[in-house]
Amino acid sequence: MSASVEEVVDPSQLQSSLVERYIARLEQFQPRPSETLVRPQAVLDVHLALAGSEANVDMANPAYASVAARLHLAYGLPTESSTIPNAAPEIITDVTGRTRIAVAPPLHRTSMVAHAWGTLNPLVRWVENATHKFDQRPNADARREAEQAAAQAKASKTRHPKGHLRRFVLLSLMLLQTVLATYFMSTVLPYHGTKPVEMLTLAFFAVLFCWVSAGFWTAMMGFLVLLRGTDRYVISREEAAPGPIPAHARTAIVMPICNEDVTRVFAGLRATYESVANTGELGRFDFFVLSDSGDADICTAELDAWVDICQTLGAFGRIFYRHRRRRVKRKSGNIDDFCRRWGANYDYMIVLDADSVMSGTCLTTLVRLMEANPDAGIIQTAPRAAGRDTLYARIQQFSTRVYGPLFTAGLHYWQLSESHYWGHNAIIRVAPFIEHCALAPLPGEGALTGEILSHDFVEAALMRRAGWGVWIAYDLAGSFEEMPPNLLDELKRDRRWCQGNLMNFRLFLARGMHGVHRAVFVTGVMAYISAPLWFAFLVLSTGLLAMHTLVEPEYFTTPGQLFPVWPEWHPEKALALFTATATLLFLPKILSVVLICIKGAREFGGAFRLTISMILELLFSMLLAPVRMLFHTRFVVAAFLGWAISWKSPPREDSETSWGEACRRHGGHTLLGLVWGAGVYWLDPSYLWWLLPIVGSLILSIPLSVFSSRVSLGRSFRHAKLFVIPEEVDLPPELAATTVYNDAGKPLAGFVDAVVDPIINALACAAVTARPHIPVASLQARRALVDMALRQGPDGLSARQKNTLLDDPLALSSLHLAVWSSSRAHDGWLKTASR
């Protein structure tokens with residue numbers, strides 16, 4: 001049974017205001033509220049009383065000795081009767097008096113080793129292989145090559161040969177279309193591509209058009225697949241075995257987080273947990289919150305939220321929390337840390353982002369699909385964006401919901417089992433992931449070396465290189481995520497992705513990679529390289545205009561030429577080429593709307609409003625394209641120059657862009673648009689009409705960025721039933737629950753509470769292992785830090801010092817007692833405590 005302070009405290013002792021306040025907090029948590037807690041004379045006496053026998057208390061730190069009693073007083077014992085089973089944490093006190101709360105399961109360590117990439121240059125590899133032929137001794141590289149060859153041989157037998165034909169058709173269509181378009185572009189230019197500047201312009205045009213063509217044919221095939229209803233090779237076509245999930249199929253649902261909105265994270269986790277429970281298969285799943293947070297307030301809030309959700313759901317022993325003190329390799333390192341510690345306990349893991357929500361049906365179906373497809377290594381769902389209210393986010397949600405299915409279905413059609421992995425809302429077979437998917441740093445020196453930033457594409461390529469399939473279950477419902485709330489937040493995320501994809505491209509020629517995943521590396525880098533190429537194309541086009549206007553035409557370009565070469569302009573051909581290019585860009589969107597109208601557009605606001613929304617989205621995307629072009633161009637240049645980037649978590653709330661921030665970020669774009677437009681008008685007023693969509697968008701970038709971030713405008717469009725998606729008309733229960741839990745979230749503890757509050761302090765102390773036997777120098781540093789924190793208060797501590805205190809339960813408990821009992825304690829401690 002839980003302890004009661006009145007059983008051990010002398011009622012004759014005098015009361016003090018501090019003791020009253022301290023005991024009042026304990027009273028709030030006592031499981032038996034009918035009992036009265038009698039106030040002792042000093043807070044020190046409270047700790048001695050709670051700790052029990054004074055002989056067992058380290059008088060140098062009596063507050064640590066009372067940690068277990070404080071936790072029992074707050075949460076009771078797991079064996080006590082309760083309406084909710086597993087609603088009390090397991091509190092362990094070892095023979096040395098160290099108290100721990102079971103935040104994670106017992107360790108079951110396994111090895112996860114990253115193999116060096118070796119030589120990435122194929123020519124150098126060829127020379128090295130020729131040299132090694134004279135050395136017959138087997139080595140680790142040779143063994144690894146043999147294993148990869150065997151895996152590829154296995155994969156060639158298990159993968160669909162139909163994929164080779166499909167990809168050949170795709171490549172042929174892209175190249176034929178690009179050749180024709182480049183030829184027509186040459187006829188538009190004054191000298192038909194014979195001048196060096198025109199040749200360079202044609203080269204840029206060809207690359208960009210080929211990129212557009214790839215997206216066009218992907219969407220076209222997706223349209224045909226969705227119109228027909230399915231693809232014969234879609235992985236979810238193979239029905240998973242009905243009935244309960246086998247007992248051996250243990251799955252870990254892991255959610256890596258880093259300095260996130262804690263209330264939103266645990267609201268989504270709770271909704272997902274409850275949805276799994278409703279399927280009756282909860283016993284096959286464990287949940288792990290894997291924190292890399294470095295903010296002391298957020299770390300404390302995470303621990304408080306973890307206890308709260310476990311108490312509410314009776315999920316102690318089912319939902320676990322792990323906070324890494326040493327943040328290595330960001331998200332991929334966090335996943336690797338889980339695999340090394342507990343991966344051996346599970347067959348599969350499902351990776352969530354901090355904003356992910358998934359239905360229990362979706363999660364259990366993923367497990368069944370893995371069981372039904374023993375050669376599948378990763379199955380990626382197609383998450384649906386929902387949950388935002390800003391105008392920008394609602395337009396993006398509409399775009400991904402309406403157009404996204406065509407592209408994901410098309411990707412599956414061309415890629416089959418060599419598909420994408422986007423790093424979240426996907427199931428992974430743990431054993432091959434541990435064996436093959438640890439990421440070594442990229443070799444060499446410079447900006448694009450070292451720790452891999454965008455891990456997901458590389459992990460998919462490594463899984464496929466080892467012979468395991470990577471699939472997209474594009475038709476599997478119940479997978480959700482959130483979009484960035486505004487343009488600037490999306491671009492902050494894009495800068496990180498840009499650097500990561502440029503680094504990944506170095507693996508294009510890495511040994512053993514499948515051809516499709518080499519193409520994935522190309523598409524990843526083209527998503528950002530296309531911006532500077534487009535910008536260069538526009539600059540060259542403007543330069544050609546300037547040369548034609550300001551420079552005397554050259555009619556005789558070669559010695560001995562008998563007939564002049566007349567520069568020619570063909571506006572009608574330029575218009576035809578422009579129309580063809582616009583068709584490639586916009587026809588997939590039109591067909592997406594047609595497909596929805598065929599199958600029923602009620603959940604999108606009806607056919608008329610759906611069409612109006614599409615037209616508005618087209619205009620909006622056209623206005624944003626030049627702005628993104630300039631930002632992405634800068635990101636690419638910054639990546640090659642090695643400019644430092646911040647790697648922070650995106651916002652999880654509807655944040656709006658201020659006018660000041662918009663002016664700082666878009667002021668240069670506005671100035672460039674004005675100067676560029678004025679210069680073109682001065683050269684040739686008629687050409688300004690061709691360039692107006694570019695310069696006009698740049699001029700309007702500031703108000704566009706501000707107004708599109710407004711929540712009020714987003715809700716106004718929703719009331720008008722524009723940019724409506726099915727998840728708003730018929731809200732999935734998981735998203736509805738997430739919203740309810742997020743809105744009803746209680747105020748969470750912060751760092752000051754971890755120091756001051758009796759219960760939060762005990763919880764923070766028990767979440768970390770105490771290490772009393774440390775070198776004398778470290779012991780002195782601990783005492784000095786506690787003394788400094790006591791005197792200077794919370795505002796006098798750096799972020800690093802706060803984290804040091806949270807990581808040292810002996811220092812934290814010492815500071816806790818000193819704050820309540822020492823006359824030297826800074827007033828800021830007790831004044832700023834939220835509880």
Side-chain angles (χ1 to χ4, degrees), residues 170-220 505 519 522-549 551 557 565 567-588 621-622 624-633 636-637 672 676-677 679-680 683-684 686-698:
L170 172 63
L171 187 62
S172 300
L173 290 172
M174 290 167 50
L175 293 179
L176 178 61
Q177 201 172 45
T178 301
V179 169
L180 290 175
T182 305
Y183 168 74
F184 281 109
M185 179 63 186
S186 69
T187 64
V188 172
L189 297 176
Y191 294 97
H192 307 306
T194 59
K195 294 285 188 177
V197 176
E198 292 186 351
M199 292 179 183
L200 188 59
T201 303
L202 284 176
F204 287 147
F205 175 84
V207 174
L208 290 170
F209 195 92
C210 189
W211 170 243
V212 172
S213 179
F216 172 79
W217 290 113
T218 298
M220 287 301 97
F505 185 68
V522 174
T523 59
V525 77
M526 275 301 300
Y528 298 97
I529 289 290
S530 59
L533 292 180
W534 184 25
F535 184 58
F537 174 77
L538 293 173
V539 171
L540 285 173
S541 300
T542 306
L544 284 173
L545 173 67
M547 291 173 60
H548 179 73
T549 305
V551 179
T557 58
V565 176
E568 300 175 298
W569 292 95
H570 296 284
E572 71 285 354
K573 292 184 178 180
L575 182 60
L577 185 61
F578 175 81
T579 303
T581 305
T583 300
L584 264 64
L585 291 171
F586 300 140
L587 182 58
S621 62
M622 289 172 58
L624 286 185
V627 179
R628 287 197 177 104
M629 173 191 70
L630 291 184
F631 271 108
H632 287 181
T633 299
V636 171
V637 172
L672 176 62
W676 198 349
V680 168
L683 290 171
D684 186 348
S686 63
Y687 188 76
L688 181 61
W689 292 105
W690 292 95
L691 200 62
L692 188 60
I694 306 297
V695 297
S697 300
L698 296 178

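Numbers for residues simply follow the sequence, beginning at 1.
Heavy-atom minimum distance, Phe216 versus Leu584: CD1-O, 3.5 Å. Heavy-atom minimum distance, Leu630 versus Leu698: CD1-CD2, 3.5 Å.
Under the ring pair (Phe, Tyr, Trp, His ring centres under 6.0 Å) criterion, Phe537 pairs with no residue, sequence neighbours left out. Thr633 pairs by the side chain to side chain contact (heavy atoms under 4.5 Å, CB included) definition with Ala531, Pro532, Phe535, Met629, not counting sequence neighbours. Ser697 pairs by the side-chain hydrogen bond (donor to acceptor under 3.5 Å, both in side chains) definition with nothing, not counting sequence neighbours. In this structure Ser686 satisfies the side-chain hydrogen bond (donor to acceptor under 3.5 Å, both in side chains) test together with Asp684, sequence neighbours excluded. Partners of Trp534 under the side-chain hydrogen bond (donor to acceptor under 3.5 Å, both in side chains) rule, at least two apart in sequence or in another chain, do not exist in this structure. In terms of the side chain to side chain contact (heavy atoms under 4.5 Å, CB included) criterion, residue partners of Ser621 (sequence neighbours excluded) are, by chain and number, Lys589, Glu617. Partners of Ala206 under the side chain to side chain contact (heavy atoms under 4.5 Å, CB included) rule, at least two apart in sequence or in another chain, are Thr178, Thr182. Checked against side chain to side chain contact (heavy atoms under 4.5 Å, CB included), Leu171 has the following partners two or more places apart in sequence or in another chain: Leu175.
At a threshold of 4.5 Å between non-hydrogen side-chain atoms, the residues Trp211 and Leu533 do not count as touching. Here the side chains of Leu683 and Tyr687 are not in contact, with every heavy-atom distance at 4.5 Å or above. Side-chain atoms of Leu540 and Glu198, non-hydrogen and from C-beta on, never get closer than 4.5 Å to each other. In this structure, the side chains of Ile529 and His632 stay at 4.5 Å or more apart for every pair of heavy atoms. With contacts defined as side-chain heavy-atom distances shorter than 4.5 Å, the pair Phe205/Ser541 does not qualify.
Taken to the nearest 0.5 Å, the CE atom of Met185 stands 11.5 Å off from the CZ atom of Phe209. One finds the OG atom of Ser213 at 12.5 Å from the CG atom of Leu208 (value rounded to the nearest 0.5 Å). The CZ atom of Arg628 sits 11.5 Å away from atom OG of Ser530, with the distance rounded to the nearest 0.5 Å.
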Problem set entry | Audit row: Thr542, Val539, side-chain contact (heavy atoms from CB on, under 4.5 Å) steps and yes/no | CA-CA 5 Å; Thr542 306; Val539 171; 5.7 Å; no

For this session: Report the C-alpha distance between Met220 and Leu173 in whole Å, list the side-chain angles of each, state the deciding distance to 0.1 Å, and finish with yes or no for side-chain contact (heavy atoms from CB on, under 4.5 Å).
Result: CA-CA 12 Å; Met220 287 301 97; Leu173 290 172; over 6 Å; no

Problem set entry | Verdict with supporting geometry, Val680 and Val695, side-chain contact (heavy atoms from CB on, under 4.5 Å) | CA-CA 10 Å; Val680 168; Val695 297; over 6 Å; no

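Around CZ of Phe505, the count of heavy atoms belonging to other residues, nucleotides or ligands within 6.0 Å exceeds 12.
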